[in-house]
Each structure stands twice: as C-alpha cells, then as structure tokens.
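The next block holds one structure in the form of structure tokens; read it before the comments.
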Amino acid sequence: MSADKPTTDLTTSSTSTSSVEHHGDHVPERFENPGLPPHVHRMGDTDPAAAKRSERQVVALFTLSIIGTIGFVVAYFAVPPGETVASMRLSNLLLGIGLFLAMFGIGVAAVHWAKTLMSDHERVEARHPQKSDPETRAGAIAALSEGAADSGIQRRSLLKGAVVSAVALAPLTIAVPLVGEVGGDWNVSKFRHTLWERGRRLTRDPSGTPIKPAEVTRGSVYHVIPDGLREADHWIEEKAKAVVLMVRIDPDQLTEADDRKDWSYEGIVAYSKICTHVGCPVALYEQQTHHLLCPCHQSTFDMADGAKVVFGPASRPLPQLPITVDDEGYLIAQDDFNEPIGPSYWERLK
Amino acid sequence: MKAIAARRHHRLAPVVLLLLALLVTGALYAVLAPSAQSAPAPTEDDVVAGEALFQANCATCHGPNAEGREGAPSLIGVGAAAVDFQVSTGRMPMQMNGPQAAAKPPQFEEEEIAQLAAYVASLGPGPAIPSDEQVDPALGDAANGMALFRTNCAMCHGAIGKGGALSEGKYAPDLSGSTPTEIYEAMLTGPQSMPVFNDANLTPEEKRDIIAYLDVQQAGSPGGTDLGSVGPVAEGLWVWVVGIGLLISLSVWIGAKSS
Amino acid sequence: MSTRATTAERAAGGTADYLDQRTGIGLAVKNFARKIFPDHWSFLLGEIALYSFVVLLISGVFLTMFFVPSMGLIEYEGPLASMDGVEMSEAFASTLHLSFEVTGGLLMRQIHHWAALLFMASIVTHMMRVFFTGAFRKPREINWLVGFVLMILGLGAGFTGYSLPDDVLSGNGLRITDGVVKSIPIIGSYMSYFIFGGEFPGEHIIPRLFTMHILLIPGLILALIGLHLFLVVVHKHTHFPGPGRTDRNVVGFPLFPVYVAKAGGFFFVVFGILALMGGTMTINPVWNYGPYDPSPVSAGAQPDWYMLFLEGSLRLMPGPGWEWVIGGYTLPMNVLIPAVVIPGLLFTMLALYPFVEAFATGDKREHHVLDRPRNAPVRTASGVAILTAFFILILAGSNDLIATHFDLSINDITRIFRVLVIALPILAFWVTKRICLGLQRKDRDLVLHGHESGRIVRLAHGEYLEVHTPLDEYERWTLVQHEPRRPLELEPAEDERGVRRKGYRRDAIRARVSRFFYEDRVEPVTPAELAAAHSHGEHDALEGGAGGQEQIEASQAHDTQPAAGGAVAGRSARGHDARDR
C-alpha cells in the first residue's frame with residue numbers, strides 16, 4: 001500500500017491521467033484498505049428474548065442427541081440383525097439413524113451455540129514474516145558452525161567417510177532379507193507355463209466335469225478349467241492362468257490361420273480367458289457376432305477370426321489352446337499355450 | 001443351518017417367521033401367476049391358429065415358412081421356448097431396427113402366444129417351454145446358483161443381474177423384472193447376443209439354482225437402498241451428491257453470519 | 001471469575017496447576033486459546049477430510065476386531081442363502097460375519113467405506129479451494145506438497161482397504177494392478193512377484209495389504225496430518241480479501257470458544273452424516289460379488305471413484321499397434337501410457353504448480369490474502385483444464401454405465417472420449433480464462449459505475465438516465481484490492497558494454513512463461529480511473545469546473561441523490577486515516 005497519500009484531492013480527469021504516470025502526485029496509485037466495516041449486531045445481541053430462544057434451541061438439539069444415543073442402545077438390544085435380509089436392513093437402519101441423531105445433534109447444537117450465543121466480534125491478530133530475524137539466523141549459523149568445529153568433522157576426512165559408509169550400509173540388514181524373501185522364489189518364468197498339457201481334459205468351471213464335443217452346440221459358450229485343477233499345487237494361481245473360453249463356430253464363418261488349422265475341433269475353438277491387456281477375465285461372448293468383450297476395459301476380440309482385437313486397448317489376440325478329443329470322446333488339450341497368457345511384460349518374448 | 005436351529009427359540013423368531021412366510025408367499029405368487037400360460041398341451045387347432053397369426057404378424061420378416069430372411073433368423077427348430085420368451089417379453093414383433101430388440105409390453109394375448117409357440121414348435125424339434133417345477137426357485141440352491149451365475153452370467157448381467165453394457169449399443173438387460181420362466185427360456189434358447197446354455201452346459205437343476213439365486217435378490221440389500229446395484233460408480237456419485245453436497249451446505253451454514 | 005470459587009472451579013484450577021507445574025502448558029494455552037482463525041465455509045473442506053479420517057480410525061478399529069486377514073480357505077456358514085456352505089477365504093468369511101452376525105458391524109463397515117470415499121472427495125475439494133484461491137503461494141508451498149502427499153497416501157489407503165474383503169470385484173482390481181505392474185519395463189515381472197510374493201494371486205497379498213492398510217499408511221497419514229496442521233498454525237490461516245484484511249494481519253474469531261464449538265461441532269456433523277449414509281445406503285456389497293475366484297468377473301467392474309480416472313485412462317487408450325517390441329523385449333505402451341505416463345503427468349503438474357507460478361511471477365513476497373479465482377485467470381483456467389481432464393477420464397471409466405443408462409453405444413462413447421480427453425481441457429482452459437477476464441471487467445464496471453438502481457430520471461433537456469448507486473468503500477475494496485500482475489520484462493541479453501549477461505536464457509524462459517500467465521489481463525480500477533469516470537461519464541460539460549471534492553459532488557448530484565454523493569466524498573476523506581497498516 002503506498003502510504004499516506006490523501007485521497008480527498010481528486011482532480012479533474014485532465015490531470016488525473018498524468019498524475020498516475022507520475023506515481024500519484026495527487027491521487028494514490030491504489031485504493032486504500034478502508035479497514036474493518038462497522039459491526040452489525042445480531043438479533044440475540046440486543047433482544048434477550050431472541051438469545052433465550054437460541055439457548056432453548058441449543059438445548060433441544062443436545063436433547064435430540066441424547067434421544068439418538070438412547071435409541072441406538074435400545075435398537076442394539078431390541079433389534080438384532082437376525083436371519084433375513086429384511087431384519088438385517090432394519091437393524092442397520094435403526095442403528096444408523098440412532099448414531100446419526102446422537103452425533104448430528106451434538107454437532108448442530110455446538111455450531112448453533114457458537115453462531116448465536118458466542119461473541120461474533122471479529123478480531124484482528126498481527127502476522128509476522130515467516131523468516132527469522134537476522135540475529136536469530138546469525139545465531140543459528142554460529143551454533144551450527146561451532147558444533148561442526150567441536151565435532152572436528154571437517155578436519156578428519158577419514159572419519160567422515162567412515163560414518164557415511166556405515167550409516168549407508170546398515171539398512172542392508174533389513175533390505176537384503178526383505179527383498180530376498182518378499183518375492184517368494186523370484187522365478188518369474190512361471191508366467192510361461194500353465195497347467196495345460198497334452199491329453200489334459202477340458203472341464204466345466206466350476207464343477208470340473210469333462211465335456212464332449214456334441215455338448216458344445218452352436219451359440220453356446222463354455223467356461224473351462226483343466227481337469228484335476230484342484231489337485232494341483234497352488235491351484236488358485238494355476239486357475240488364474242489356465243481358464244479358457246470355448247465356443248463352437250459355424251465352419252463357414254470360422255477363419256483360421258494356416259498353421260492353426262488343426263487347433264480347433266469340428267469348429268470348436270478354445271482361447272485363454274485372460275485378457276492380453278491387463279489380465280481381466282474376458283468373458284462377454286456375443287453369440288451373434290462372435291465377439292468377446294472384456295467388461296473391465298472393453299477390449300473386444302473376434303472369436304471367429306483368431307481372437308483378433310477389433311476394439312479397445314488390448315493389442316494382441318488371445319492365446320489359443322489347441323484342442324482335440326481323447327479315446328473316450330472327451331475334449332482334451334493338445335499342448336500348453338504356445339505363448340505366455342495374459343498381459344504383456346518386458347521379457348515375454350525372451 | 002445350524003445358526004437357524006440355534007435361534008429357533010429367539011423371541012423374534014415369530015416375527016422372522018412371519019416375514020419369511022410373507023416372502024415365500026410373494027415368491028410363490030410370482031412363480032405361479034405367470035406360469036398359468038404354459039399349462040395345457042398344444043392341440044392341432046393351436047398349431048393352425050398359430051400359423052394364421054404367424055402369417056399375419058411374423059412372416060414379413062421371418063418369411064412365410066419361417067425360413068428366415070436378411071437380418072431375421074430362421075425359426076425352424078428354435079422351439080416353443082424361444083417363441084414364448086421373445087413374444088411374451090414383447091421383444092417380438094420388433095418395433096424398429098436397432099442394436100437389439102428391446103423388451104416392451106407384449107403385443108399378444110397369452111393364448112395367442114401359446115398358439116404361435118405351438119406352430120413354431122411344429123416346424124422342427126426345439127426346446128420346449130419349461131414346467132412350473134423346473135423354474136420353481138423354492139426347489140433351487142441359491143448358493144450353487146450364485147457360483148454358476150458368477151461364472152456364466154455375471155460378466156454381462158452384473159453381479160446380481162442388474163444388467164450391463166455389451167458392444168455397439170447392445171446390452172444385457174436387467175433381470176429383476178423377469179419371471180423365472182423367462183430366465184429359464186433365455187438360458188435355454190440364447191436370445192440375440194446371449195449365448196445358449198443347453199442342458200449339457202447348465203443342467204435343468206443348475207438353471208433352477210440360478211433362478212433361486214436371482215429370486216433371493218428380490219429381498220433387496222441388507223445395507224439399505226441398493227443404489228441400483230451397479231457397483232462403485234454409483235457409490236462415488238452418491239458420496240459427491242449426498243456426502244459432499246450435504247456437508248458443503250452445512251459448511252455454508254456454519255460459515256455464514258447469524259442474523 | 002467470582003471470588004467464591006465453586007468446587008468444580010477449584011478442581012479445574014487444581015488440575016491446571018498440576019499440569020502446568022509439570023509441563024509448562026500455561027504458555028501454550030495462553031498462546032493458542034485465543035488464536036484467531038478466519039471464518040469461511042470453504043475453509044471447512046479440509047476439516048471434512050480430517051474428520052472423515054477420524055471416523056475412519058474409529059470405525060476401522062471396530063472392524064479390525066472382527067476381520068481376519070487370511071487367504072486360507074474355509075466353508076462359510078451363515079444367514080445369507082446365497083453364501084451358505086460356500087468355500088471362501090477367511091478374509092471374505094470374516095467380512096460376511098462382521099456384516100451379518102455382529103450387531104452394528106454392517107453399519108460400521110458401511111460408515112468406514114463411505115468415510116473413505118468422503119475422505120478422498122473432501123481432499124479433492126479442499127485441494128481445489130487451495131488451488132483456485134492461490135493459497136499455495138509463499139510461504140505455503142511446502143504445505144501444498146504435504147497435502148499432495150496426503151492425497152496420494154489417501155489413494156493408497158483406499159486401494160489397500162478396498163481389496164481386503166477378497167471379493168471378485170476387488171480381486172479383479174488387483175489383477176489389473178498386476179497387469180499394470182507387469183507392463184513396467186525391465187523390473188515389471190519382479191515387481192509383480194514383490195507385491196504378490198510369487199505368482200498372482202498367491203496367498204500373501206491380503207495379509208500384506210492389511211499391514212499396509214492398518215499400520216503403515218495410516219501411520220504416515222497421521223504424521224503428515226500433524227505436519228500439515230502444524231504448518232497451518234505456524235503460517236496462520238489465509239483469509240479472503242475484504243475490508244480490513246491484509247497480508248500483515250488475520251481477521252476472524254478466537255480458537256476458544258468459537259472455533260472449538262464450530263470445528264468441534266463440525267466433527268460430530270460429519271460423523272452424523274456418515275452414520276446416516278452408512279445406515280441407509282448400501283456400499284460395496286461384497287456378498288453380491290462373491291469370494292475371489294480368478295475366473296469370473298461381473299459387469300460394472302470398476303474401482304472406487306478416486307481410482308476411476310485410471311480405469312478411464314486404460315479404457316480410452318487404443319490398443320493395436322501400441323505394443324512395441326524393441327530388441328526382443330516387450331514394451332506395452334498401450335498400458336504404460338494410460339496407467340503410468342498420463343497419471344504421472346497430471347499429478348506432477350499438480351504437485352509442481354506452485355513452483356511454476358512462482359517462477360512466472362518472480363514474486364518472493366509472502367501472501368496471506370487469498371486471490372479471488374477471477375483475478376488469476378490463467379491459474380483458474382489451468383485448474384479447470386486439469387479437472388476437466390480428470391473428469392473426462394472418470395466418465396470414460398464409467399462408459400459402460402453411461403451406455404446402458406443413456407442407450408448409447410459403448411464404442412461410440414469411447415471414440416468420442418478419446419477426442420474429448422484432449423480437446424475439452426484445451427477448450428475449458430480458453431473458456432475459463434475468458435470468463436475470468438469477463439468477470440474482472442464486470443467488477444471494473446461495477447466499481448466505476450455503481451449498482452443499477454432501476455430508477456430512471458429525466459434530465460431537464462429531455463435525456464433519460466438510469467440512476468447508479470456508487471459502491472461504498474467496503475464493497476469497493478473487495479473489487480479493487482488485488483494487485484495488477486504484469487508479465488515480467490525481459491532485460492536485454494547484453495549489458496551496456498556489450499557483454500552477454502549471465503542467466504539470460506533462464507530469464508527468457510521466465511519471461512515467456514510470465515507472458516503466458518499475465519499477458520491477457522484486466523487491471524483493477526485505480527482511484528484516478530474512478531475519479532475520471534465520475535467526472536467524465538455523460539457529463540463532459542461539467543469538466544474543468546471546481547476542484548475535486550466539488551467535482552465529485554457535482555457529478556454525483558446528477559447521477560444519484562445528493563446524499564449518496566456526499567457520503568462517497570466523505571468516506572474518501574476518511575480514507576486518509578489509512579487504517580490498514
């Protein structure tokens with residue numbers, strides 16, 4: 001604020017423009033802060049009846065809170081969640097409303113009290129710059145340099161190196177075992193293999209019953225897990241990699257790459273259900289268009305055409321599981337997937 | 001079940017029982033009321049009447065012999081279940097071309113639907129309309145139904161069947177208004193984008209378990225209003241509207257000078 | 001206090017004496033009890049965050065009494081028909097147990113989750129308030145960073161807690177996390193093992209998340225909240241511009257009793273609203289999603305709202321052609337760009353903004369009076385642009401629900417959002433900046449010409465005029481108090497002796513940034529301009545008349561009733577006191 005320029009001598013416009021350019025010989029460049037406006041009294045400040053009314057309202061609100069607490073405790077004992085959805089809902093509702101009244105009553109009462117009955121005169125407190133004054137700063141620097149001199153750290157460079165190395169190395173005692181153990185066996189090549197192998201039957205998820213080709217009628221979709229999944233070590237990790245989606249497609253609508261002609265069986269194709277984007281189970285099969293949609297990020301794959309990406313953020317087709325039938329006529333895998341399933345990672349092709 | 005047995009003598013047991021009785025009555029009503037249509041076996045007269053209805057209302061698109069045309073599938077071998085599902089939910093006859101035929105008030109009487117179904121069933125063997133017992137939720141196992149629903153249905157219809165989006169404007173409809181018969185028929189026939197779940201894929205008992213699971217959902221949510229049961233997006237919307245909305249209004253009240 | 005102290009007063013005095021003799025607390029009480037805090041509704045947004053955190057602690061402690069963080073499988077027996085006899089992890093089973101069989105457990109669980117959503121929502125609104133009012137300026141840049149870290153920790157707390165029940169929905173969220181982590185070059189696969197203790201999902205992730213969720217993250221949040229509030233006390237709270245408020249003072253109400261009652265009361269209000277939400281609105285019904293199994297997924301697979309922007313970002317990215325293979329190594333840019341690069345950029349911009357603006361202004365002074373958002377058009381526009389980008393990403397993350405609720409094609413929505421996520425922030429920037437400048441012009445207009453009174457008068461020579469009431473000095477001050485900020489002038493590259501100046505390049509960049517910030521501007525009315533407006537106006541005939549004071553009164557006499565004109569002049573005279581120093 002440019003200081004004590006009187007604001008009264010406003011001049012005519014012809015001189016006022018020039019006065020601004022001359023840094024306000026007459027008119028200040030900026031307005032002056034007029035200071036706090038006069039205080040406006042509340043009703044309760046002048047009218048005792050209004051103040052009394054406010055007091056009664058505050059008391060009523062606190063009473064409401066007490067009623068809420070009592071209601072909560074009563075509901076706790078009288079209305080347990082019970083066995084049905086309706087009784088659980090009732091219990092939850094009554095406890096919730098009791099807690100709401102108990103808390104909200106106190107809160108609103110306190111605020112109403114502050115607003116209507118406590119002083120509403122605004123007060124002014126001075127601020128001080130954050131930085132310390134020069135003497136304090138000088139004192140701080142002196143203290144530090146005195147301490148540094150006492151320690152002798154600058155003169156003894158060997159000591160300096162020793163303390164830095166020791167302190168820097170000590171955390172290794174925590175970090176080495178932590179990093180060593182936290183990742184299990186750190187064998188990331190497990191991503192490459194699934195439970196599928198030559199001869200393993202395709203079975204229904206979750207029942208685990210084997211499937212015959214005739215059961216896979218046109219338009220139907222089978223969610224498939226490998227036979228014997230539950231007997232496997234780490235079956236849930238294996239399931240996370242091995243789930244497969246199987247459909248039958250009209251031979252005249254099916255497009256197959258030359259090297260994959262024998263991967264399907266009578267138009268039945270099986271693809272990994274794990275999205276090549278970030279690994280959601282892709283499972284929305286639209287039987288008319290043969291499109292498979294991922295509900296997480298809408299990657300869309302064409303099941304009739306090598307599960308190629310037709311829309312969305314995935315950039316690779318779903319891996320195909322080569323299938324055939326065994327002696328008993330059940331669908332089996334010919335082999336494991338020929339590439340890692342699921343999302344891409346750095347060493348995927350290595 | 002042990003938990004229930006232990007609480008048999010609880011003082012609120014009568015209330016709970018009463019509620020259960022009401023629920024069962026309601027559920028039974030819901031099951032029995034619409035299934036009256038499928039009671040009598042179709043006669044030769046039904047087939048003839050059905051053919052007349054078909055020629056008048058369906059042949060334009062599906063062809064005079066139901067052999068199918070451009071954009072309208074052949075109906076030979078789709079069975080009575082498909083006709084009953086499509087016509088009784090109002091999906092057929094289609095009002096206009098769109099990404100998919102939407103459900104609307106049915107355009108035919110129950111008797112006419114039965115006649116149409118009888119005619120189409122006579123064209124070739126196909127899935128029949130299920131019996132009352134096949135779709136009775138009281139006979140199903142909701143827990144098994146949930147496991148099956150989760151694997152086979154939830155990706156399109158949502159965790160408890162409130163519907164979801166498919167590609168290019170298609171959608172999986174909300175199942176909460178569907179009758180058990182419709183749900184069964186839909187699984188059996190795979191209308192439009194929906195895959196077929198034949199009896200080898202989901203046995204009739206498993207289909208009934210799924211119906212039982214969906215029926216359990218009629219009781220609503222234990223936690224209060226279900227916010228549409230569409231997941232965290234709705235919750236996020238409501239925390240902004242109700243939570244932040246109410247608290248900002250109250251903040252304005254707290255910050256305002258009292259008069 | 002009366003001389004006859006009551007028993008209670010004596011007891012209180014005794015306790016105070018006991019404490020003071022041992023802790024010297026008297027000094028703190030003396031300094032803090034009547035500390036002044038300014039009052040404004042928007043200053044309560046941060047309090048909502050603080051109080052939801054307290055509610056999270058209270059309800060969270062309740063939940064830990066019943067939750068079992070184990071992935072061991074058991075067969076559940078319980079009241080819900082769809083869950084009875086189902087095999088599930090102990091984490092999921094204990095969540096069902098505490099929801100259905102512990103009286104009040106479901107309420108606590110729902111309050112906890114609503115409080116988590118509210119915590120993040122209030123942090124975001126609080127950050128918006130701080131951003132748009134320029135409260136991050138010196139000396140508060142460090143506190144902005146502390147707040148920023150708190151927001152990130154809030155995201156972490158929410159994410160780790162969301163996954164604890166081990167249900168299908170959050171399990172698929174973890175799987176997406178795993179996919180994103182794997183996409184990171186070189187270390188991705190190992191990071192996945194680091195997180196899951198082996199292959200996804202393993203049996204370690206729930207216990208690990210539990211430790212993060214109940215110990216590590218809340219501990220850090222608590223410590224940083226302490227630092228955040230400590231800095232608020234050290235700096236003293238900012239206040240909005242207004243008569244009597246300056247950078248050298250703070251105007252408001254004393255901590256005790258007004259703020260104790262208002263802020264303390266507000267805690268109970270927040271708790272009450274959360275209880276109401278927990279009692280009436282279902283949140284995260286894990287019993288609908290079922291126990292985690294790697295095969296199923298349900299439509300509406302989304303994270304909680306604060307992670308939705310990431311989901312949307314992943315959904316918008318077109319995939320084909322974006323998986324790069326370099327030297328046999330795979331670089332999935334279709335994941336890295338939306339999940340790592342874009343959020344990284346947006347968050348970095350947010351964290352560093354105070355420093356960018358300080359660089360552009362070259363301003364080293366302390367600021368305690370807030371900016372009205374219109375008076376910082378480029379800042380306001382930048383904030384709106386960042387928010388717009390986040391908002392589009394959030395909508396993109398909800399595109400399946402938009403599709404079903406508005407009968408649209410999900411593919412079309414995605415294609416449109418791909419354009420909008422780039423175009424709309426730019427448009428929002430431009431529009432917001434224009435609106436700010438327009439509002440500033442409106443302020444100028446108001447100061448120069450006063451309020452329209454709606455009263456039309458006919459002058460002697462037949463001209464019709466609407467009478468304008470001039471602003472009183474208090475109202476006017478709010479509209480003219482801000483400093484005009486101008487772009488920094490670039491000093492020449494060479495000094496008088498033709499020697500290239502050091503730091504010229506840095507200054508050139510600074511001048512360019514500064515020009516971007518302050519080239520388009522509307523400056524506040526100066527006293528001279530106001531005087532000119534009063535003397536000019538429609539009454540040029542009067543120009544060159546008597547001296548200033550009479551001049552104003554003369555022109556006012558035509559514009560308004562003489563009393564008002566006199567009042568303005570009179571107050572101008574009082575301005576001489578210059579009270580605000």
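All values derive from a computational prediction rather than experimental measurement. Numbered from 1 within each chain, the chains take letters A, B, ... in sequence-line order.
For A:Val278, the parts lying near chain C are the backbone and the side chain together; criterion is any non-hydrogen pair under 4.5 Å. Using a 4.5 Å cut-off between heavy atoms, A:Phe72 contacts chain C through its side chain alone, with no backbone atom that close. At a 4.5 Å heavy-atom cutoff, C:Leu274 makes no contact with chain A through either its backbone or its side chain. Contact of A:Glu347 with chain C is made through backbone and side chain together, with heavy-atom distances under 4.5 Å. When heavy atoms are compared at a cutoff of 4.5 Å, C:Pro318 approaches chain A solely by way of its backbone atoms N, CA, C and O. Of the atoms belonging to A:Pro206, not a single heavy atom falls under 4.5 Å from chain C. C:Asp178 does not touch chain A: none of its heavy atoms, backbone or side chain, sits under 4.5 Å away. Contact of A:Tyr76 with chain C is made through backbone and side chain together, with heavy-atom distances under 4.5 Å. Interface residue C:Ser298: only backbone heavy atoms are found under 4.5 Å from chain A. Looking at A:His234, neither its backbone nor its side chain comes within 4.5 Å of chain C, counting heavy atoms on both sides. For A:Trp186, the parts lying under 4.5 angstrom from a heavy atom of chain C are both the backbone and the side chain. Residue contact with chain C, scored on non-hydrogen atoms closer than 4.5 Å, involves the backbone of A:His121 exclusively. For A:Leu293, no part lies under 4.5 angstrom from a heavy atom of chain C. Neither the backbone nor the side chain of A:Ser65 comes within contact range of chain C; no heavy atom of the residue lies under 4.5 Å from a heavy atom of that chain. Contact annotation for C:Val260: neither backbone nor side-chain heavy atoms come within less than 4.5 Å of a heavy atom of chain A. With a 4.5 Å cut-off on non-hydrogen atoms, C:Val270 does not touch chain A at all. C:Lys35 touches chain A through backbone and side chain together, each having a heavy atom under 4.5 Å away. Contacts between A:Lys131 and chain C at a heavy-atom distance below 4.5 Å involve the backbone alone (N, CA, C, O). The part of C:Leu73 that comes within reach of chain A is its side chain, from C-beta onward, which places non-hydrogen atoms under 4.5 angstrom from that chain. In this structure, no portion of A:Val282 lies under 4.5 Å from any heavy atom of chain C. Residue C:Asp247 touches chain A through its backbone alone, counting heavy-atom pairs closer than 4.5 Å. Both the backbone and the side chain of C:Tyr190 come within less than 4.5 Å of a heavy atom of chain A. Heavy atoms closer than 4.5 Å to chain A are found nowhere in C:Leu316, neither backbone nor side chain. For C:Pro296, the part sitting under 4.5 Å from any heavy atom of chain A is the backbone (N, CA, C, O) and nothing else.
Ranking A:Ala114, A:Ala314, A:Ala75, A:Gly184 against chain C, the residue ahead of the rest is A:Ala314, based on heavy-atom pairs under 4.5 Å. With respect to chain A, the highest number of heavy-atom pairs below 4.5 Å among C:Arg208, C:His235, C:Arg175 belongs to C:Arg175. The candidate with the highest count of non-hydrogen atom pairs below 4.5 Å against chain A, out of C:Leu530, C:Asn399, C:Leu331, is C:Asn399. The residue among C:Gly188, C:Ser189, C:Gly321, C:Pro332 with the most heavy atom pairs within less than 4.5 Å of chain A is C:Ser189. In terms of heavy-atom pairs under 4.5 angstrom with chain A, the leader among C:Gly104, C:Pro257, C:Ser192, C:Ser183 is C:Pro257. Of the listed residues C:Val525, C:Asn172, C:Asn411, the one with more heavy-atom pairs under 4.5 angstrom with chain A than any other is C:Asn411. Counting heavy-atom pairs closer than 4.5 Å to chain A, the top-ranked of the candidates C:Ile176, C:Thr282, C:Val258, C:Thr177 is C:Ile176.
Here the CG-CG distance, from A:Leu99 to A:Leu94, works out to 12.5 Å after rounding to the nearest 0.5 Å.
Not a single donor-acceptor pair under 3.5 Å links the side chain of A:Asn92 to the backbone N or O of A:Arg89. Side-chain atoms of A:Arg348 never come within 3.5 Å of backbone atoms of C:Tyr329 as a donor-acceptor pair (strictly under, hydrogens ignored).
Using a 3.5 Å distance cut-off with no hydrogens or angles, the side chains of A:Asp120 and A:His39 do pair a donor with an acceptor. Looking at C:Asp400 and C:Gln302, their side chains do bring a donor and an acceptor atom within 3.5 Å of each other. At a cut-off of 3.5 Å, with distance as the only test, no side-chain donor of A:Ser344 or C:Lys182 sits close to an acceptor on the other residue. Side-chain contact of A:His277 with C:Arg315: a donor-acceptor pair under 3.5 Å is absent, judged by distance alone. Judged by distance alone, the side chains of A:His223 and A:Lys273 do bring a donor and an acceptor atom under 3.5 Å apart. C:Tyr259 and C:Asp39 share a side-chain donor-acceptor pair at under 3.5 Å.
Using a 4.5 Å heavy-atom cutoff, the side chains of A:Lys241 and C:Phe200 are not in contact. Taking 4.5 Å as the limit, every side-chain heavy atom of C:Tyr193 sits out of range of all side-chain heavy atoms of A:Val182.
The SG atoms of A:Cys275 and A:Cys294 do not lie less than 2.5 Å from each other.
A salt bridge is absent between C:Glu366 and C:Arg248; no separation between the charged side-chain nitrogens and carboxylate oxygens falls under 4.0 Å. Using a 4.0 Å cut-off between a side-chain N of Lys or Arg and a carboxylate O of Asp or Glu, C:Glu483 and C:Arg365 qualify as a salt bridge. Here A:Lys239 pairs with C:Asp293 in a salt bridge; the nearest charged N to carboxylate O distance falls below 4.0 Å.
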Kindly indicate, with the supporting measurements, whether the criterion side-chain contact (heavy atoms from CB on, under 4.5 Å) is fulfilled by A:Thr300 and A:Val309. CA-CA 6 Å; A:Thr300 312; A:Val309 180; over 6 Å; no
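For the pair C:Lys262 and C:Phe253, the cation-pi criterion (under 6.0 Å, within 45° of the ring axis) is fulfilled.
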